[in-house]
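Here the structure is laid out as structure tokens; the discussion comes afterwards.
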Amino acid sequence: MAEAVPLWRAALLCRCPRCGKAPVFVGLLTVRDRCPQCGLDLRQHDTGDGPAALVILVLGAIVLGLAVWVEAAFAPPLWVHALIWPVAILGGAIALMRPMKAALVAQQYSHRASEMGL
């Protein structure tokens, strides 16, 4: 069997954790049933709510820090905050969710492969 690809590569490129060639997602966040390149069964890799919780924590800390900095440095009116931060949160959540979910799928693959001797 092929060596697992590095976690960072599988996560950032959202590729199969075993071959690193085929996309791990069908659509925005739906994990494929099977890798079309190497045949890895991806149905057993269930990330649950893990990626969402991590994205909420990371993105919440970043946005809160930026909002406090913008308020202290520029003191904009409240309507500017109301325009900026929802867009930043939505864009950041979409941008972070795919790599975070791909990273957890790759983590599960690497740990299960080592447990099963693959």
Side-chain angles (χ1 to χ4, degrees):
M1 279 291 147
E3 181 82 17
V5 298
L7 175 65
W8 67 267
R9 184 170 179 228
L12 291 178
L13 299 177
C14 299
R15 299 291 183 198
C16 171
R18 181 162 61 185
C19 68
K21 295 179 182 160
V24 77
F25 295 113
V26 175
L28 185 61
L29 288 173
T30 306
V31 178
R32 291 181 178 277
D33 288 339
R34 190 169 291 282
C35 175
Q37 194 74 24
C38 67
L40 175 66
D41 184 12
L42 294 168
R43 290 175 294 192
Q44 62 183 343
H45 302 291
D46 180 26
T47 60
D49 292 335
L54 290 172
V55 167
I56 288 168
L57 289 172
V58 170
L59 191 60
I62 291 170
V63 169
L64 179 64
L66 287 173
V68 169
W69 177 75
V70 166
E71 180 61 33
F74 305 109
L78 287 177
W79 65 267
V80 173
H81 285 290
L83 287 176
I84 293 173
W85 304 119
V87 173
I89 291 169
L90 185 61
I94 291 171
L96 288 175
M97 187 61 77
R98 284 176 60 98
M100 193 68 71
K101 191 166 185 174
L104 287 179
V105 167
Q107 277 292 93
Q108 286 181 356
Y109 169 73
S110 68
H111 288 283
R112 286 187 179 161
S114 65
E115 287 173 3
M116 295 188 296
L118 297 176

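As the structure is a prediction and not an experimental result, all values here were calculated from the model.
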[atom1]/[X]: more than 12 non-hydrogen atoms of other groups inside 6.0 Å:
X	atom1	value
D41	CG	yes
R9	CZ	no
L57	CG	yes

Nearest heavy-atom pair of [X] and [Y]: which atoms, and what distance?
X	Y	answer
G50	L104	C-CD1, 3.8 Å
L42	C35	CD1-N, 4.2 Å
M97	A52	CE-CA, 3.5 Å
L54	M100	CD1-SD, 3.8 Å
P17	V105	CG-CG1, 4.3 Å
A102	C14	CB-CA, 3.9 Å

Side-chain donor or acceptor of R98 paired with backbone N/O of L29 under 3.5 Å: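 No.
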[X] and [Y]: same hydrophobic cluster, using ILVMFWY side-chain contacts below 4.5 Å?
X	Y	value
F74	V63	yes
L78	V80	no
I94	V87	no
V55	I62	yes
V68	V58	no

Within this structure, what is the [atom1]-[atom2] distance for the pair [X] and [Y], rounded to the nearest 0.5 Å?
X	Y	atom1	atom2	result
L12	L7	CG	CG	9.0 Å
L59	L64	CG	CG	11.0 Å
Y109	R18	OH	CZ	5.0 Å

Test side-chain contact (heavy atoms from CB on, under 4.5 Å) applied to F25 and V31, step by step: CA-CA 4 Å; F25 295 113; V31 178; 4.0 Å; yes
Any side-chain heavy-atom pair of R32 and V24 under 4.5 Å: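 Heavy-atom side-chain distance check fails, nothing below 4.5 Å.
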Any side-chain heavy-atom pair of V70 and W85 under 4.5 Å: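 Counting from C-beta outward, V70 and W85 do come under 4.5 Å.
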